[in-house]
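All values reported here derive from a predicted model rather than from experimental measurement.
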Amino acid sequence: MKRSHAGAQRPPRVLLLGVAASLAAASVSVLAAQPVSAAQPVSTAEAAEAEPCAVVNGGFEEPSGLRGQGHLRKDVPGWRTSSSDGLIEIWGAGNHADPMDFTVPPDTGDQFAELNGTSVSTLYQDIRTVPGSTIDWSLAHRGRTRTQGSQDVMRVRIGGVVQVPEGQDAPDIADGGDTWGHYGGSYTVPRGQRVTRVEFVSISSGTGRPSYGNFLDSVSTSCALPNQPPTVPYLVLSGSVGQTLDGSLTSVDPEGGEVTYSATAPVPWLNVTVRPRGTVVARAIRPGVHQVPVKACDERGACADGRVVVVAYRRTRPLARSLADLYPTQSATPPAGPFPSGAVGKDRRMP
């Protein structure tokens with residue numbers, strides 16, 4: 001048995017600080033409440049708005065202020081049930097877990113849930129996820145009866161895959177009614193899966209009654225995000241042949257670390273220096289559109305390939321060349337006019 005203590009991690013930041021980059025919105029689809037299956041595409045309003053990888057209301061503390069046992073509710077934030085009546089059973093302080101007539105304290109907080117509400121049921125949530133990330137999960141489970149040798153049994157299923165808790169060889173989570181058992185594990189989000197269903201499935205009840213069994217509390221999920229490379233560095237400098245041009249590459253590490261830059265290859269007819277912090281100094285020997293490949297690398301070694309573009313022309317004979325042909329952006333028709341030195345991520349046509 002193992003409780004996962006992995007802390008929640010903030011979502012990656014993507015900033016457009018002088019960078020020709022765009023972030024494609026993650027597509028989200030919809031899972032029907034019945035049947036519970038991760039084979040279907042999935043989305044809920046909660047998944048779209050919630051913090052990535054975080055289960056909502058994991059301690060079943062909302063709706064608050066419930067006392068005693070057997071509160072059948074449809075207004076439990078974050079949670080859905082496979083039960084056809086849509087009712088989720090919440091227990092509070094002062095309960096008596098019949099048939100033995102003893103009080104069950106919550107594992108944490110003031111309330112907990114019973115998987116078997118009005119029937120053998122599955123509680124589940126759809127959470128927003130990042131492909132390639134690792135979901136760490138943990139929970140507390142307890143049986144309803146203290147009858148000797150009697151246990152309630154449940155399983156965890158994430159993304160349609162039955163989970164085996166750490167330290168176990170089989171997926172069954174089985175406990176009697178004396179104490180809370182604590183379990184945890186991890187799941188890697190596959191490619192393209194931006195919403196993941198997390199399910200807590202009732203398997204059997206020690207009482208033999210379909211509406212009894214499997215207390216659940218302290219549900220937690222958190223993410224270890226994959227190493228994301230920095231955003232692509234891209235800088236355009238323009239001026240006359242022989243003129244010293246300078247600017248700064250800008251790129252962002254989604255994980256918040258420092259980014260260093262380097263030129264990856266020499267370019268004929270151009271003297272260029274790219275310093276580790278992104279400062280660029282260039283001077284063209286001949287007119288033309290010169291491209292300097294550069295790399296932006298984070299502290300963990302993930303790199304993004306970018307470039308410095310130097311547009312050089314003679315003062316008496318401006319260069320006629322469309323940068324839009326070389327670097328298309330979302331703009332279908334780049335505006336005409338001179339290309340200002342130091343511009344970043346914009347397309348212009350030289351006069």
Looking only at side-chain N and O atoms, does [Y] offer a donor or acceptor that is under 3.5 Å from a partner on [X]?
X    : Y    : answer
T231 : S251 : yes
D85  : T118 : yes
D107 : H182 : yes
Q111 : W91  : no
E61  : S64  : no

Residues [X] and [Y] bridged, charged N to O under 4.0 Å:
X    : Y    : result
D152 : R144 : no
E89  : R73  : no
D175 : R142 : no

Could you pull out the closest heavy-atom pair between [X] and [Y], with the gap in Å?
X    : Y    : result
P105 : W180 : O-NE1, 2.8 Å
Q125 : V56  : NE2-O, 2.6 Å
I135 : C223 : CG1-SG, 4.2 Å
P131 : P190 : CB-O, 3.5 Å
Q193 : T196 : NE2-OG1, 2.8 Å
S133 : V130 : OG-O, 2.5 Å

Q | Quiz item: cation-pi between R275 and Y261, 6.0 Å / 45° | A | no
Q) Is it the case that one hydrophobic cluster holds both Y212 and V120, taking links as side-chain heavy atoms less than 4.5 Å apart, direct or via other members? A) no
**Q.** Connected via hydrophobic side-chain network under 4.5 Å: L123 and Y183
**A.** yes
Q | Residues D136, T221; criterion side-chain contact (heavy atoms from CB on, under 4.5 Å); working and verdict | A | CA-CA 6 Å; D136 294 314; T221 58; over 6 Å; no
Q: Could you walk me through whether D253 and E258 pass side-chain contact (heavy atoms from CB on, under 4.5 Å), step by step?
A: CA-CA 7 Å; D253 177 6; E258 291 188 355; over 6 Å; no
Answer yes or no: is there a side-chain heavy-atom contact under 4.5 Å between [X] and [Y]?
X    : Y    : value
V289 : V309 : yes
K74  : L87  : yes
S220 : L139 : no
L249 : V280 : yes
H141 : M154 : yes
V294 : T264 : no
D75  : P63  : yes
L115 : T122 : no

Q: Please step through side-chain contact (heavy atoms from CB on, under 4.5 Å) for the pair Y187 and V161, ending with a clear verdict.
A: CA-CA 9 Å; Y187 166 84; V161 180; 4.3 Å; yes
Nearest-0.5 Å distance, [atom1] of residue [X] to [atom2] of residue [Y]:
X    : Y    : atom1 : atom2 : result
D246 : T273 : CG    : OG1   : 11.5 Å
E114 : N95  : CD    : CG    : 10.0 Å
H71  : L66  : NE2   : CG    : 5.0 Å
N271 : I285 : CG    : CD1   : 4.5 Å
I88  : F60  : CD1   : CZ    : 7.5 Å
Q243 : L245 : CD    : CG    : 5.0 Å

Q.
If you count heavy atoms of other groups shown closer than 6.0 angstrom to CZ of R67, is the number above 12?
A. no
**Q.** Donor-acceptor under 3.5 Å (Q69 side chain, H96 main chain)
**A.** yes
Q. Under the disulfide bond (SG atoms under 2.5 Å apart) rule, what pairs show up with a residue in residues 65-140, not counting sequence neighbours?
A. none
Q: For this output row, return yes or no: ring centroids of F215 and F112 closer than 6.0 angstrom.
A: yes
Q: State yes or no: are the ring centers of W79 and Y124 separated by less than 6.0 Å?
A: no
Q) N116: what forms a side-chain hydrogen bond (donor to acceptor under 3.5 Å, both in side chains) with it, not counting sequence neighbours? A) S202
Q: Step by step, work out the side-chain contact (heavy atoms from CB on, under 4.5 Å) result for T260 and R277.
A: CA-CA 5 Å; T260 57; R277 290 293 174 260; 2.9 Å; yes
